[in-house]
Every structure is written in structure tokens, then in C-alpha cells.
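Throughout, residue positions are numbered sequentially from 1 according to the sequence presented. Just follow the structure's listing: the first ligand is 1, and inside any ligand the first atom is 1.
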Amino acid sequence: MSSYVDLSWWFESCADDLSPAAPLDKDVAVDVAIVGAGFTGLWTAYYLAKARPDLKIAVLEKEIAGFGASGRNGGWASALFPSSLATLAKGAGRERALAQHAAMRATVDELITVAAAEGIDADVAKGGTIVVARTPTQWRRAVAEVDDARTWGLGEDEMVLLDEATAKVRLNAADTIGATYTPDCAAVHPAKLARGLARVVRKLGVAIYEGTTVTGLAPHLVTTDRGTVTAEFIVRATEGFSASLPGARRAVIPVYSLIIATEPLPASVWDEIGLAERETFSDQRHLIVYGQRTADDRIVFGGRGAPYHFGSAIRPEFDNEPRVFAALRDSIVEMFPVLRDTAITHHWGGPLGIARDWHASVGLDAATGIGWAGGYVGDGVTTTNLAGRTLRDLILGEATDLTSLPWVGHRSRGWEPEPLRWMAVNAGLRAMTVADTEERITRRESLAARVMAPFMGGH
Ligand SMILES: Cc1cc2nc3c(=O)[nH]c(=O)nc-3n(C[C@H](O)[C@H](O)[C@H](O)COP(=O)(O)OP(=O)(O)OC[C@H]3O[C@@H](n4cnc5c(N)ncnc54)[C@H](O)[C@@H]3O)c2cc1C
């Protein structure tokens with residue numbers, strides 16, 4: 001990678017020196033070895049080092065801290081979890097499903113509190129999320145979502161239905177009929193958070209070896225291109241990149257999410273659009289889109305639509321998909337016609353991880369001492385913090401409220417071998433695009449979307 005600054009607008013604006021830290025230069029022995037310096041790896045290191053300053057912890061990172069999805073995402077620190085309450089309750093019962101939901105809500109505040117306490121200025125604003133409905137079909141979905149929330153005992157303090165006038169005060173998107181609003185989300189600058197966290201973790205005595213590629217994982221042994229690391233515990237924190245590691249090739253697939261950023265917008269445009277509290281925003285379409293107003297008054301707006309690449313391949317050129325960037329630009333101009341002449345100054349993308357059953361998980365195999373967390377399906381900014389605290393408890397052998405949550409120890413089956421995987425995933429992505437067009441024309445719920453909906457959550 002010639003210049004990490006070009007990875008995302010977030011990296012460009014994070015005001016950090018992005019030169020890689022020293023790689024591993026000899027064989028070492030530690031208590032805990034963590035593979036990957038994204039949010040999962042860094043939060044795990046943070047909470048472990050805080051709880052047990054005596055532990056020797058090493059993080060091994062192929063590029064630089066934050067290089068993966070953690071330094072490139074949409075910056076929604078939300079309480080969203082990729083599995084619905086109904087899915088969680090099927091396996092774990094209603095009470096534990098609700099415990100997972102409550103843990104996610106609390107984690108949004110945990111992330112904000114720790115960042116502030118550690119002096120990490122990540123441009124945080126907890127303005128909640130507004131999801132507008134812009135067709136009658138989308139409005140029916142919004143109403144159904146709030147009705148469903150009520151059946152789980154979630155009140156107006158968690159999710160509320162807004163009529164057209166109230167919705168437009170928060171976000172004045174074209175064709176708005178109404179919206180759902182939840183206070184449980186903060187807009188963050190993800191690269192400032194990731195780089196700040198890496199700084200804090202280093203100060204706590206954790207060694208982060210950058211420019212160090214892990215080539216193999218075995219019980220108590222990590223092999224890299226620079227030397228070996230022996231450890232009592234090993235954590236695989238490589239999320240969307242996991243398919244490149246031996247032993248995890250079919251665990252999660254990398255699916256690309258792509259983003260554009262506008263130039264900073266003047267006050268007159270914000271008077272028109274809203275987002276006075278820096279609410280994160282979306283609409284009820286099937287092919288996920290997500291936006292945030294940045295601290296310097298840009299819109300960062302992302303979405304799916306990029307193809308899945310055969311063999312779970314990840315390459316720098318996959319971050320650049322002009323067709324998707326053009327569609328994203330058309331989308332925000334259609335939502336906010338005032339942006340007609342606004343310049344798009346940046347675009348980028350990256351892979352997020354999806355397990356075969358779309359279920360995020362965290363766990364530690366007691367027999368091998370190998371732990372993992374991932375499969376966040378684009379809802380990882382907050383979930384990684386919960387994963388980090390849970391891995392701390394699992395590694396320290398403590399049974400806590402966190403270790404009894406239903407995602408702990410969940411095992412998803414592996415993805416199909418190619419070419420089946422490629423055909424099925426791309427068919428799903430295409431179905432969502434077709435469904436949105438179909439609904440705009442017919443104004444009825446698309447059948448394809450109904451079939452695929454449970455599989456298309458997250459960012
Ligand atoms: C474009 C985009 C937008 C998103 N938007 C949101 C959002 O708004 N809200 C939200 O909640 N989630 C969002 N997500 C998802 C979220 O960013 C991820 O779930 C989260 O950052 C995952 O963190 P992680 O640490 O598990 O993985 P990553 O941040 O991907 O980190 C994995 C690290 O492992 C390293 N690595 C890989 N292979 C090796 C190896 N062999 N040896 C050593 N190191 C290795 C990588 O270089 C990388 O740094 C988005 C994701 C993308 C891509």
C-alpha cells in the first residue's frame with residue numbers, strides 16, 4: 001500500500017502519522033497474541049491490559065492499525081445487531097435475546113465514555129438514527145418495525161414512529177412520508193477512534209507489530225512472515241479478511257460496502273436538509289444505504305451493491321467501483337435535490353464479514369486457546385467493543401453477564417465451496433437492487449425482497 005492516507009477520507013482527516021510501526025523482528029512468547037489491529041483486536045487488547053496489566057499482549061497487523069473496515073466505515077456506532085430478536089430468541093429464548101439487545105444499547109454509551117476518558121477525540125455526536133420512509137411500501141415496513149419492537153416490550157424511548165412533519169424536522173429528504181427514530185446511535189470518526197485506541201493500547205504496554213502478516217494459526221502458535229509468536233491464548237480478529245487465513249477460509253465471506261463523501265456543505269444547505277443533532281440516517285429501501293453528517297459538515301454516504309468476488313478475494317482495486325459510486329451520488333441527490341451541484345470529493349470502500357447464517361459471534365475454544373469475534377455484517381463499530389470485553393472475560397476465565405449472552409460460542413456453519421458461494425451471494429445482492437426498483441414501480445412489497453430480507457441486514 002503506497003499511501004494509507006488514500007484509504008478513506010477518515011484516514012486523510014485523522015491527523016495521525018500513518019507510517020507503519022516496527023514489525024515483529026524475532027520470535028517472541030506472550031500471554032495473548034491478537035491477529036488484526038481493527039476495533040476487535042484493539043478493544044480486546046485494551047480491556048485485557050486494563051484488567052491485567054501484568055499480561056504480555058502482542059497484536060499482529062499486516063498493514064497499520066485501523067487499516068481494515070475499522071478505519072473506513074460509515075461511522076454509525078449503533079445498537080444494531082445483525083440477528084433479529086426473533087432469530088436470537090429461537091435459539092436462546094426471549095430473555096437472553098433481550099439481554100443481547102440491552103448489552104448493545106449499553107455498549108454505545110460504553111464506547112463514548114471510554115473514548116472520552118482516554119482522551120480520544122473521535123468527533124462523537126449521539127444524535128440517534130432516523131430512517132425515513134419514502135414510498136407507501138416503505139412506510140408499511142416502518143410501521144411494522146415499530147409494532148414488532150412493541151411486542152418485545154421496547155418503548156418509545158427506544159424506537160418511535162415519526163409522522164411526515166416531525167420526520168422532516170430531523171431530516172428533510174424528498175418524498176418523506178414518515179420515519180422511525182431511535183436515540184441509540186452515535187456518529188463517530190472511525191479512523192480517529194481506531195488510531196486513538198491504538199495509541200492508548202500502546203501506552204498500556206501492548207506491543208502492536210505492524211507490517212506483519214500472519215500466515216498460520218495453531219494452538220498456542222502464530223506463524224508470521226517475520227517470526228513466530230507463542231501464546232497461551234490467540235485471538236483471530238480479522239473479520240472480513242478471515243478467508244485469507246488457513247483454517248478460516250469458509251468462516252466468513254468478505255462483502256464490499258462502498259462510500260462517497262461530499263465537500264463541506266454551507267449552513268444554508270444544512271438549513272434545508274436538517275440533521276441538526278448529527279443523526280445518522282437511512283431510508284427503508286432493501287439495498288442498505290447509510291449516511292452521517294460529519295463534524296466538518298460533509299455528508300458521508302455509503303451502501304452495498306458492489307459484487308462479491310470469487311473465492312472471497314480481497315484486492316485494493318475492489319475498493320474502487322465507479323458504477324456503485326455513481327449510484328450512491330444519484331441516491332443522495334435524489335434524496336436531497338439541493339445537493340445537485342455539490343462536489344463528491346472522496347470515495348472508498350472495504351470488506352465486511354458475513355457468516356453463513358448471518359449471525360455475529362464471539363468465543364474462545366477452551367481446548368485450543370484460540371478465540372475469535374466477527375461476522376458483524378456491517379454492524380461492527382459498537383459490537384466490536386462488546387466483543388473485546390467478552391473476550392477479556394473468556395480469556396480470564398470469568399463467567400459474567402457478558403459471557404452468557406447468546407452470541408457467545410455461537411458456531412456458524414461454513415460457506416459453500418465455490419462456485420456455489422459466488423452464485424448465491426451475487427444473486428442475493430442483485431435481488432435487493434431489483435426489489436427496490438420493483439417497489440418504486442409497483443408500490444407493493446417485492447416478493448424477492450421478502451424472501452431475501454432476513455439475509456440482508458447491516459451496513
Ligand atoms: C465501507 C464499510 C462501512 C461500514 N459501516 C459501518 C457502520 O457505519 N457501522 C457499523 O457498525 N459497522 C460498519 N461497518 C462494519 C465495521 O466497520 C466492521 O464490522 C468492523 O470495523 C470490524 O472490525 P474488526 O476489527 O473486526 O475488523 P477490521 O477492522 O477489518 O480489522 C481486521 C484487521 O486484520 C488485519 N489482517 C487481515 N489479515 C491479516 C493477516 N493475515 N495478518 C495480520 N493482520 C491481518 C487487517 O489488515 C485489518 O486491519 C462497515 C464496514 C465497511 C467496510
Side-chain angles (χ1 to χ4, degrees), residues 1 4 7-8 10 23-24 33-45 59-82 104 107-108 111 129 185-188 190-191 193-194 197-198 208-217 222-226 235-246 248 252 254-260 280 282 288-292 300-304 306 314 318-319 324 347-354 360 362 372-385 387-388 458-459:
M1 173 70 52
Y4 293 114
L7 268 182
S8 66
W10 304 121
L24 186 71
I34 297 170
V35 183
F39 288 143
T40 299
L42 294 171
W43 282 123
T44 305
V59 181
L60 304 152
E61 167 57 50
K62 186 174 177 180
E63 305 279 351
I64 59 168
F67 168 84
S70 298
R72 313 187 202 181
N73 58 66
W76 286 38
S78 73
L80 294 169
F81 188 75
M104 287 301 303
T107 303
V108 177
L111 184 157
T129 299
C185 185
V188 302
L193 182 59
L197 198 51
I208 304 179
Y209 299 105
E210 296 183 334
T212 302
T213 302
V214 170
T215 50
L217 289 181
V222 182
T223 318
T224 83
D225 60 346
R226 304 280 185 158
V235 174
R236 174 167 57 76
T238 45
E239 236 266 308
F241 298 83
S242 301
S244 62
L245 283 176
V252 291
V255 169
Y256 277 76
S257 200
L258 301 186
I259 295 188
I260 57 173
T280 52
S282 182
I288 307 288
V289 290
Y290 48 94
Q292 76 145 287
V300 161
F301 188 76
R304 300 269 184 80
I314 291 177
F318 297 162
D319 298 350
V324 179
H347 53 73
W348 68 91
L352 48 86
I354 304 184
V362 56
W372 78 93
Y376 310 114
V377 196
D379 292 328
V381 173
T382 306
T383 321
T384 47
N385 176 287
H459 289 109

Quiz item: What atoms in ligand 1 come closer than 4.0 Å to a heavy atom of T384?
Solution: 23 (O)

Quiz item: Do the side chain of T382 and the main chain of A79 share a donor and acceptor less than 3.5 angstrom apart?
Solution: no

Quiz item: Roughly how far apart are S257 OG and W348 CH2, rounded to 0.5 Å?
Solution: 11.0 Å

Scan the side chains in residues 37-44 for donor-acceptor partners under 3.5 Å anywhere in the protein, sequence neighbours excluded, and list what turns up.
from	atom 1	to	atom 2	distance (Å)
T40	OG1	Y376	OH	2.8
T44	OG1	T40	O	2.6

Quiz item: Is there a nitrogen or oxygen of V381 sitting under 3.5 Å from a nitrogen or oxygen of ligand 1?
Solution: yes

Quiz item: Can you check whether V214 has an N/O within less than 3.5 Å of an N/O in ligand 1?
Solution: yes

Exercise. Please tell me if the side chains of F81 and D379 come closer than 4.5 Å, counting only heavy atoms from C-beta onward.
Key: no

Quiz item: Does an N or O anywhere in E61 fall below 3.5 Å from an N or O of ligand 1?
Solution: yes

Self-check item: Heteroatom distance test (F241, ligand 1): nitrogen or oxygen, under 3.5 angstrom
Solution: no

Practice problem: Under the side chain to side chain donor-acceptor pair (under 3.5 Å) rule, collect the residues that match up with T212, sequence neighbours excluded. | Solution: none

Quiz item: For atom 8 (O) of ligand 1, which of F81, W76, Y209 has the closest heavy atom?
Solution: W76

Practice problem: Compute the minimum heavy-atom distance from G378 to ligand 1 and say whether it is under 4.0 Å. | Solution: yes

Quiz item: Do T40 and ligand 1 have an N or O pair less than 3.5 Å apart?
Solution: yes

Quiz item: When rounded to the nearest 0.5 angstrom, what distance separates CG in L245 from CG in L217?
Solution: 5.5 Å

Quiz item: Hey, is V377 one of the residues with a heavy atom under 4.0 angstrom from ligand 1?
Solution: no

Quiz item: Which atoms of ligand 1 have any heavy atom of G74 under 4.0 Å away?
Solution: 3 (C), 4 (C), 5 (N), 6 (C), 7 (C), 8 (O)

Quiz prompt | Sub-4.0 Å heavy-atom contact, G75 with ligand 1 | solution = yes

Quiz prompt | Polar proximity ligand 1 side, S244 side, N/O cut 3.5 Å exclusive | solution = no

Quiz item: Looking only at distance, does K62 have an N or O less than 3.5 Å from an N or O of ligand 1?
Solution: yes

Practice problem: Name the option, out of V222, N73, V59, that contains the heavy atom nearest to atom 17 (O) of ligand 1. | Solution: N73

Quiz prompt | Between CG on residue D319 and CD1 on residue I314, distance to nearest 0.5 Å | solution = 9.5 Å

Quiz item: Rounded to the nearest 0.5 Å, what separation is found between the CG atom of L60 and the CG atom of D225?
Solution: 10.0 Å

Quiz item: Atoms of ligand 1 less than 4.0 Å from F39 heavy atoms?
Solution: 21 (O), 25 (O)

Quiz prompt | Any N or O of I64 closer than 3.5 Å to N or O of ligand 1 | solution = no

Quiz prompt | Min N/O separation S257 to ligand 1 under 3.5 Å | solution = no

Quiz item: Should the ring pair Y290 and W76 be called parallel, tilted or perpendicular, given that the plane angle runs from 0 to 90° and is split at 30 and 60?
Solution: perpendicular

Quiz item: So how far is it from H347 NE2 to I260 CD1, rounded to the nearest 0.5 Å?
Solution: 9.5 Å

Practice problem: Could you tell me which atoms of ligand 1, counted from 1 in the order shown, lie closer than 4.0 angstrom to a heavy atom of G36? | Solution: 33 (C), 34 (O), 35 (C)

Quiz item: Would you say G350 and ligand 1 have an N/O pair spaced under 3.5 Å apart?
Solution: no

